[in-house]
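Take this structure, written in structure tokens, and hold onto it; I'll ask about it next.
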Amino acid sequence: MSQATKRKHVVKEVLGDFVVPTENQQIVKVTGSRGNNLHEAVTAQGEMFLVSMPTKFRKNIWIKRGDYVIVDPIEEGEKVKAEISTILYKDHIMYLQESHLWPVGFVIENKVIEQKDKVNNKEGKDQEESSTSNSDDNEDDLFVNTNRCTYQYSESEDDEDSDAQEDDDTKR
């Protein structure tokens, strides 16, 4: 099987199937990458350990800090205690919450995230109504990289105008 065909099947499996964790599987949150296809994860109870990414996901599917995954335990593992079996996206998480299979420790966290999203959506709608910009400039659906720090810059036209006037005055 070619690499492109393999990638197509893996992506279809990850995005399409709504998987329910079995008795020995558990849902964990990825807290960081340790390199060499190892990721640090935390359970709903707060236990931290390393999980490995299987070869079928490598170079095909990417996970980042804050993502949720279903893992299979590795009994003989000392440091690496589980292997990722499924990566959960928003649709999967909503399905598990509706099925009452989502861990209680993560429920509070998701409510806070949902409240932030609601506040951001309200602010976004207010800004859309007040601005006269084109709807093509809407950046709400763009990917936000949570692994990078976000900086907010504020520019004031008064500062730029006063600086320009001072430069003109010094030149004269």
Pairing residues for Asn36 by the side-chain hydrogen bond (donor to acceptor under 3.5 Å, both in side chains) criterion, not counting sequence neighbours: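 If we apply the side-chain hydrogen bond (donor to acceptor under 3.5 Å, both in side chains) test to Asn36, skipping adjacent residues, there are no hits.
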Members sharing Val42's hydrophobic cluster (side chains within less than 4.5 Å):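 Noted: Val42 shares its cluster with Met48.
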Cluster overlap Phe106 with Ile93, hydrophobic side-chain contacts below 4.5 Å: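 Linked within one cluster.
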Steps toward side-chain contact (heavy atoms from CB on, under 4.5 Å) verdict (Arg65, Ser33): CA-CA 7 Å; Arg65 186 181 333 142; Ser33 176; over 6 Å; no
Test side-chain contact (heavy atoms from CB on, under 4.5 Å) applied to Val30 - qualifying residues, sequence neighbours left out: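 Val30 satisfies side-chain contact (heavy atoms from CB on, under 4.5 Å) with His39, Ile63, Val69 only.
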side-chain contact (heavy atoms from CB on, under 4.5 Å) against Asp91, all qualifying residues, sequence neighbours excluded: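 With sequence neighbours excluded, Asp91 shows a side-chain contact (heavy atoms from CB on, under 4.5 Å) to Phe18, given in chain and number order.
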Tyr95 ring center within less than 6.0 Å of Trp102 ring center: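 That pair fails the under 6.0 Å test.
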hydrophobic_cluster_shared for Ile27 and Val20, side chain cutoff 4.5 Å: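 Same cluster: Val20 reaches Ile27 through Ile, Leu, Val, Met, Phe, Trp or Tyr contacts under 4.5 Å.
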Side-chain heavy-atom pair Leu96, Leu88 within 4.5 angstrom cut-off: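 Sidechains of Leu88 and Leu96: in contact.
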Pairs meeting criterion salt bridge (charged side-chain N to carboxylate O under 4.0 Å, His left out) with involvement of residues 67-88, two or more places apart: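 Those involving residues 67-88 are Lys64-Asp67.
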Shortest non-hydrogen separation from Pro73 to Asn24 and the atoms involved: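 Pro73 and Asn24 have their closest heavy atoms at CD-O, 3.1 Å.
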Single-linkage hydrophobic cluster Val71~Ile74, side-chain heavy atoms < 4.5 angstrom: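 Different clusters.
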Sidechain-backbone polar pair: Arg58 side chain, Met53 backbone, donor-acceptor under 3.5 Å: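 Side chain of Arg58 to backbone of Met53, a donor-acceptor pair under 3.5 Å: yes, one is there.
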Note, Phe49 side chain near Val28 side chain (heavy atom, < 4.5 Å):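 They are in contact (side-chain heavy atoms under 4.5 Å apart), so the answer is yes.
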Pair Ile61-Ile87, side-chain contact (heavy atoms from CB on, under 4.5 Å): steps then yes or no: CA-CA 9 Å; Ile61 303 293; Ile87 300 168; 3.1 Å; yes
Heavy-atom side-chain proximity of Ser85 to Gln25 below 4.5 angstrom: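 Contact flag for Ser85/Gln25 side chains = yes.
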Where at least one partner belongs to residues 32-41, residue pairs that pass salt bridge (charged side-chain N to carboxylate O under 4.0 Å, His left out), sequence neighbours excluded: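 Listed by first then second residue: Arg34-Glu40.
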Whichever hydrophobic residues join Trp62 through chains of side-chain contacts under 4.5 Å: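 None; Trp62 is a cluster of one.
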Side chains of Ile84 and Pro54 in contact at under 4.5 Å (non-hydrogen atoms):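 SC-SC contact between Ile84 and Pro54 confirmed.
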